[in-house]
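Below is one structure, written out as structure tokens; comments come after it.
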Protein chains: 2
Amino acid sequence: MRAAVRRRAFWPGLRGFFNFLIMRECLASNAPTMDSMTQVSRSVAGDSSITRVLGILDLFTPETSVWTVDMLVGRLGVGRATVYRYVRALCDAGFLVPVAGAGYVLGPRFIEFDRSIRLADPLLHIVPPVMAELRDVVNGGQLLCAFYGLRVLTVLQDKTDPNITMSMERGRPFPLFQGSPSRVILAHLPTYQLRNLALNHQAEIAAAGLGENWAEFRDGLRAIRRAGYLAASDIDKTLVGVSAPIFHAPGAVTASLCLVRTRDGLTAEHQAFLGGVAVEACQRISAALQAFRPGEAAAFPISRVRQAAGIA
Amino acid sequence: MRAAVRRRAFWPGLRGFFNFLIMRECLASNAPTMDSMTQVSRSVAGDSSITRVLGILDLFTPETSVWTVDMLVGRLGVGRATVYRYVRALCDAGFLVPVAGAGYVLGPRFIEFDRSIRLADPLLHIVPPVMAELRDVVNGGQLLCAFYGLRVLTVLQDKTDPNITMSMERGRPFPLFQGSPSRVILAHLPTYQLRNLALNHQAEIAAAGLGENWAEFRDGLRAIRRAGYLAASDIDKTLVGVSAPIFHAPGAVTASLCLVRTRDGLTAEHQAFLGGVAVEACQRISAALQAFRPGEAAAFPISRVRQAAGIA
DNA sequence: TCGCCAATTCTCGCATTATGAGGATTTTTA
DNA sequence: TAAAAATCCTCATAATGCGAGAATTGGCGA
């Protein structure tokens, strides 16, 4: 009750700030906010104190980046003491930080872990020089997108054309079935994975126009695989993304490189040219990746679609 | 047992890769690896399944970025089923991802959360243009360091002098009592916070040469506060960092800007000049921060040193 | 495409430990 | 310095996390 008073004291201002941020981002790209889409598919968890604690972190979005204990009590439906226990554990681990007055925000641990991932990622050692080399040829923008479990997200960005306002900086998630970076990765997944996906995500696949049934889905992806690259503009309608796959082992896709140009006046020939550039670059990247330490099986994330999940 | 066989199959190669990374980093900066120092002070937690689960993530360092279930069983001393339960919760939340064969690595959630923090951080909207403006004046490097709870870490970096090899990119933690960015923040903390720090971290303060007792500690920091900036080269001996504080509210320090130059041939006059530049820039940044949305109390992390911790 | 084997999940009884209410403490602000 | 708000501590109760083994699934080779 008392906290509610405090909250009102600084909340409207913050809201204003974050609305500004969101608007800025939405205006920058013509794409709708995709975060919410990926956010939803995440809450398939069971119930235990552990999932409840981890679930708290999901509440901290750019739109709602400050949570007071009282807000959490209301949201989680558990006692105040329990919320304090949860929050304390997360604070001790550095995942949350208290802010002046009251409330908590995401903590420094995420920034540190991101660095840790960057340091350990061979892709980020190999790709930057390739991107720099391609910069003038592409004359637009480039994205490196990694495949994590069942998520695709940008891990590296390079932009030259100031007219291209890509809000696709590191950390921005892609819907699994939309955008050329995702779909070109999808196309190179092993068959049994694709079958599981078709079983578990039929509605989303149909909604993305990837086919109404398994045969259509499979054949569509096979066509992409045959072409070697995929050009599409299904996320930002004013842009075209030309993506090719990157493999950490023969037949094992792990990422994709996406060359971005404004759609305006881009001929089919030019698209094909960009496709060739992307494929050639990705072949070099893949080779470097596999040769990084000779004879080594690298540690790259794999997809894991649970069959049981589809039955429920 | 069977997993141990698999592990041996790919482990040596990975070790080689990461040793390479670590070496590369240590060679780049002449500074000792500080991560371990900050790592240690983190494990003050009690014991519960929650802290145990969160503690698992701490095991994933750049040196040991892949953990198999069997390794975790050995390390945590809990049953295999329990480890699977923990790992599953973390995977479902996106904090871990299974890799081919066996084992887990840090997941995409950290990359997404880092972006979330970047989007919500007013500093990252205000400071880049200031850094760009200072680039030619400084003619070296610049760091923006944020104060998170009781941690200081780099959140933004700008480098022009190629001779300065700063391994201080985003996410790199600073020891609380070392380095000019940390110490200049320390100097502007409220008195009761400093008193708690002096109680709880006496040994570290003495080790960092900040005084053997409360009076020395306080007076040293007061001198820094009087000067308005701090020049030091206590982390990388070949460099000098000149730092000034940034305030999110009058008297409430939240970050620091650090101008970096090679120590070689840097006169006292030049140091004073850089100090003036830093102070002036930070005053502008602070003003912008406080004016970002007029009349609003912003949500900045605060330090919270628990008095009870000092008694134990 | 099928089948095998390792990797993961499930089942269930038991015991540890998470929970909530309210009071004690600490932190912060005036 | 003192008052108010936020955070933490204590303890009895009951829920739920734990471990061992069985059952299942997913990944890889033929």
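The structure displayed is predicted, hence computed values, not measured ones. Numbers restart at 1 for each chain; the letters A, B, ... are given by sequence-line order, proteins then strands. In what follows, every heavy atom counts, from backbone to side chain, and hydrogens, waters and symmetry copies are set aside.
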Using atom names, set out every protein N or O paired with an N or O of nucleotides 17-21 of chain D below 3.5 Å, distance rounded to 0.1 Å.
{"from": "dG17(D)", "atom 1": "OP1", "to": "Ser49(A)", "atom 2": "N", "distance (Å)": "3.2"}
{"from": "dC18(D)", "atom 1": "OP1", "to": "Arg52(B)", "atom 2": "NH1", "distance (Å)": "3.1"}
{"from": "dC18(D)", "atom 1": "OP1", "to": "Tyr86(B)", "atom 2": "OH", "distance (Å)": "2.3"}
{"from": "dG19(D)", "atom 1": "OP2", "to": "Gly79(B)", "atom 2": "N", "distance (Å)": "3.0"}
{"from": "dG19(D)", "atom 1": "OP2", "to": "Thr82(B)", "atom 2": "OG1", "distance (Å)": "2.3"}
{"from": "dG19(D)", "atom 1": "N7", "to": "Arg85(B)", "atom 2": "NH2", "distance (Å)": "3.1"}

Between the protein and nucleotides 13-15 of chain D, list every N/O to N/O distance that falls short of 3.5 Å.
none

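Arg222(B) meets the side chain to side chain donor-acceptor pair (under 3.5 Å) test with Asp219(B); sequence neighbours excluded. His201(A) is linked by a side chain to side chain donor-acceptor pair (under 3.5 Å) to Glu204(A), counting only residues two or more places apart in sequence or in another chain. Applying the side-chain contact (heavy atoms from CB on, under 4.5 Å) rule to Val53(B) yields the partners Ile50(A), Tyr86(B), Leu90(B); only residues at least two apart in sequence or on another chain are considered. The side-chain contact (heavy atoms from CB on, under 4.5 Å) check on Ser286(A) picks up Ile246(A), Phe247(A), Gln290(A), with sequence neighbours excluded. Under the side chain to side chain donor-acceptor pair (under 3.5 Å) criterion, Gln283(B) pairs with no residue at all, not counting sequence neighbours. In this structure Tyr104(A) satisfies the ring pair (Phe, Tyr, Trp, His ring centres under 6.0 Å) test with no other residue, sequence neighbours excluded. Legend: residues meeting side-chain contact (heavy atoms from CB on, under 4.5 Å) with Arg75(B), ordered by chain and number and at least two apart, are Leu59(B), Trp67(B). Partners of Val73(B) according to the side-chain contact (heavy atoms from CB on, under 4.5 Å) rule, which considers only residues two or more places apart in sequence or in another chain, are Val69(B), Arg80(B), Val83(B).
Comparing the helix axis at one end of the helix from dT1(C)-dA30(D) to dA30(C)-dT1(D) with that at the other, each defined from 5 consecutive pairs, gives an inter-axis angle of 90° (nearest 10°).
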In residues 210-217 of chain A, what donor-acceptor pairs under 3.5 Å come from side-chain atoms, sequence neighbours left out?
{"from": "Asn213(A)", "atom 1": "OD1", "to": "Ala215(A)", "atom 2": "N", "distance (Å)": "3.1"}
{"from": "Asn213(A)", "atom 1": "OD1", "to": "Glu216(A)", "atom 2": "N", "distance (Å)": "2.9"}
{"from": "Glu216(A)", "atom 1": "OE1", "to": "Glu212(A)", "atom 2": "N", "distance (Å)": "3.0"}

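Using a 4.0 Å cut-off, no side-chain N or O of Tyr84(A) falls inside it from OP1 or OP2 of dC8(D).
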